[in-house]
Amino acid sequence: MDLVIYNSLTRQKEAFVPRVPGKVSMYLCGPTVYNRFHIGNARTFVVGDSMRRILAYLGYEVLYVQNFTDVEDKIIKRAKALGITESGLAEQEIANYFADARRLGISPADVHPRVTEHIKDIVDYIELLIAGGYAYQAQGDVYFAVEKYEEYGKLSNQKLDELVVGSRVEPGDAKRFAADFALWKAAKPSEPSWESPWGPGRPGWHIECSAMVRSILGGHIDIHAGGMDLLFPHHENERAQGEALCEGEPYVKYWVHIAFLVINNAKMSKSAGNFYTAAELLEKYDGKVLRFFLQSAHYRSPLSFDMGLLDSAASGLGRLENAVLALRQAKEFIPKEQAVLTLDFAGYEDKFRAALADDFNTAEAWAVLFDLVKEVNIALARQAFGGRDAAEAEAFLLRLGHVLGVDLASATFLEQHIDELIAKRQSARANKDYQAADRHRAELLNMGIILEDTPQGVRWKKQ
RNA sequence: GGCGGCAUAGCCAAGCGGUAAGGCAGAGGUCUGCAAAACCUCUAUUCCCCAGUUCAAGUCUGGGUGCCGCCUCCA
């Protein structure tokens with residue numbers, strides 16, 4: 001089952017061949033920590049986390065790195081507005097990131113580097129670029145000379161002269177060429193700065209990733225992922241920096257770009273103001289509902305967002321969870337029919353794996369799980385399923401759900417109390433005291449528990 | 001202006017040369033003390049439009065139309 005990945009650089013799907021057999025190095029562009037991330041940002045983080053899980057599921061040993069940009073204009077601006085230090089703000093928002101991410105089922109990366117911890121690596125990197133003739137110093141700034149890198153524009157499929165037309169030149173910029181970009185910015189009053197061979201200043205945006213990739217992962221990686229909007233200029237610039245020091249071997253083998261969340265037919269973005277933070281959505285929806293929703297489309301397709309779609313996702317996920325719950329409660333049942341019916345777990349897993357190996361097609365992988373659940377439900381309804389088969393099906397579903405970062409098991413904390421109330425209701429029903437029976441049922445409903453009277457006995461599920 | 005993407009049922013969304021996945025919503029039925037769930041059946045002769053290639057096209061080619069994104073901070 002060979003993995004195929006769409007590479008933005010070649011604009012086609014390619015067979016995945018890691019640099020080192022069996023091992024994958026992957027870097028995901030993380031957040032600028034100046035406030036909470038929104039559900040659109042969350043798509044990128046969730047997709048990155050799932051790719052990492054899928055790679056592991058496919059048998060690779062994965063080294064996963066996600067950075068925090070903790071020096072940046074917006075951080076400086078907001079810290080000033082709040083009257084706190086830049087590092088204080090960054091610290092707070094990094095903590096918020098982890099809190100929100102955990103609830104979305106996103107595991108911490110193997111390394112979460114921060115720009116401020118890698119200033120020396122960045123300075124060293126820039127010195128190498130200057131020594132190699134790729135960068136020049138001008139009035140305390142250092143710029144990357146785009147014309148020195150002949151492939152500049154290849155990643156975003158732009159011609160250099162077209163880029164010049166659209167490029168921004170700030171007043172006061174000391175660039176030699178309009179499309180050149182800053183590696184190091186001379187310090188401005190009341191902004192954080194570090195000493196460097198070019199005087200006090202701070203790193204430009206693009207250099208951080210190249211420098212951290214070099215110092216942590218060794219300068220060459222298999223997969224570099226990020227949001228679609230980072231393709232240009234960020235990744236184009238980063239690639240130029242990376243390739244400048246790469247001596248023939250590609251800086252990144254596979255460039256992966258994740259499409260946007262779309263709200264009212266427009267990109268969700270902080271600057272447009274049309275966003276919901278993950279944190280506020282988490283007040284109303286379980287993290288796994290959000291995660292399930294964010295994986296309901298292929299990562300390269302824009303995904304529509306609105307509250308109604310979240311409700312739909314909750315219903316859909318509920319179908320999966322309830323099947324798992326039914327299976328758990330069916331484990332003790334002896335099937336009425338001999339269990340002639342055996343589910344083809346291997347067949348389902350082949351389809352599931354094939355979907356994910358085809359450029360991480362999570363939408364199709366979920367469909368495989370829904371197909372299995374349908375078959376399970378039919379078997380359960382026919383009373384042809386129970387015992388060990390049910391246990392096996394439950395474990396299977398939980399295992400595959402975990403590959404996509406969603407725990408399909410429901411909480412068990414109240415089970416004992418639930419069982420007591422069900423027993424009371426059952427005896428009331430046996431005595432045809434339906435008033436009492438309904439009272440117990442209402443009591444359970446208050447706890448968020450819904451009863452189902454099935455041929456195999458009473459079953460319950462979460463509301 | 002340059003570059004790129006998308007258009008599939010009421011909604012979301014797979015499929016990307018072999019005769020329309022899956023989810024949500026909806027309708028009818030079975031089951032039930034009543035429910036709920038589950039199950040069964042139904043809901044796109046058709047994939048924005050027009051040409052073309054092919055034995056065969058949402059799927060490839062050309063031309064339209066509409067929408068979106070990047071080119072400025074942005075996941």
What interatomic distance, in whole Å, is found between [atom1] of [M] and the corresponding atom of [N]?
N: B:G23; M: B:C40; atom1: P; answer: 11 Å
N: B:C67; M: B:C42; atom1: C1'; answer: 33 Å
N: B:U46; M: B:G28; atom1: P; answer: 27 Å
N: B:C31; M: B:A21; atom1: P; answer: 30 Å
N: B:A20; M: B:G64; atom1: C1'; answer: 25 Å

*Non-neighbouring partners of A:F37 that pass ring-ring contact (aromatic ring centres under 6.0 Å, His included), sequence neighbours left out*: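 Expected list: A:F45, A:Y97.
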*Verify side chain to side chain donor-acceptor pair (under 3.5 Å) between A:H257 and A:S8, making sure each step is shown before the conclusion.*
CA-CA 7 Å; A:H257 291 95; A:S8 299; 2.6 Å; yes
_Rounded distance in Å - CZ (A:R300) to P (B:A75)_ =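 Result: 21 Å.
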_Nearest-angstrom distance from the residue atom CG of A:L380 to C1' of B:A36_ =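 Atom CG in A:L380 sits about 16 Å away from atom C1' in B:A36.
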*Measure from NZ or CZ of A:K13 to the centre of the six-membered ring of A:Y6 and say whether it is under 6.0 Å with the direction within 45° of the ring axis.*
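The answer is no; the distance or angle limit is not met.
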*Side-chain N or O of A:S269 less than 4.0 angstrom from OP1 or OP2 on B:C73?*
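No, no such contact exists.
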*With respect to the phosphate group of B:G4, does any side-chain polar atom (N or O) of A:N157 fall under 4.0 Å of OP1 or OP2?*
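Yes, such a contact exists.
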*With a cut-off of 6.0 Å (strictly less than), are more than 12 heavy atoms of other residues, nucleotides or ligands near NZ of A:K77?*
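12 or below, so no.
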_What stems show up for RNA chain B when you take Watson-Crick pairs (N1-N3 plus N6-O4 or O6-N4) and G-U wobbles (N1-O2, O6-N3), both under 3.5 Å, and require three or more consecutive pairs?_
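Output for stems: B:1-7 with B:65-71, B:10-12 with B:22-24, B:26-30 with B:38-42, B:48-52 with B:60-64.
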For nucleotides 15-26 of chain B, tabulate all protein N/O to nucleotide N/O atom pairs closer than 3.5 Å, reporting atom names and distance.
from	atom 1	to	atom 2	distance (Å)
B:G15	OP1	A:N361	ND2	2.8
B:C24	O2'	A:S312	OG	2.8

*asked:* Between the base of B:C34 and the side chain of A:R441, is there a donor and acceptor pair under 3.5 angstrom?
replied: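 Indeed there is one.
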*Hey, does A:N377 reach any base, or is it just sugar-phosphate, or nothing, if we go heavy atoms under 4.0 Å?*
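A:N377: backbone/sugar contact only, no base atoms under 4.0 Å.
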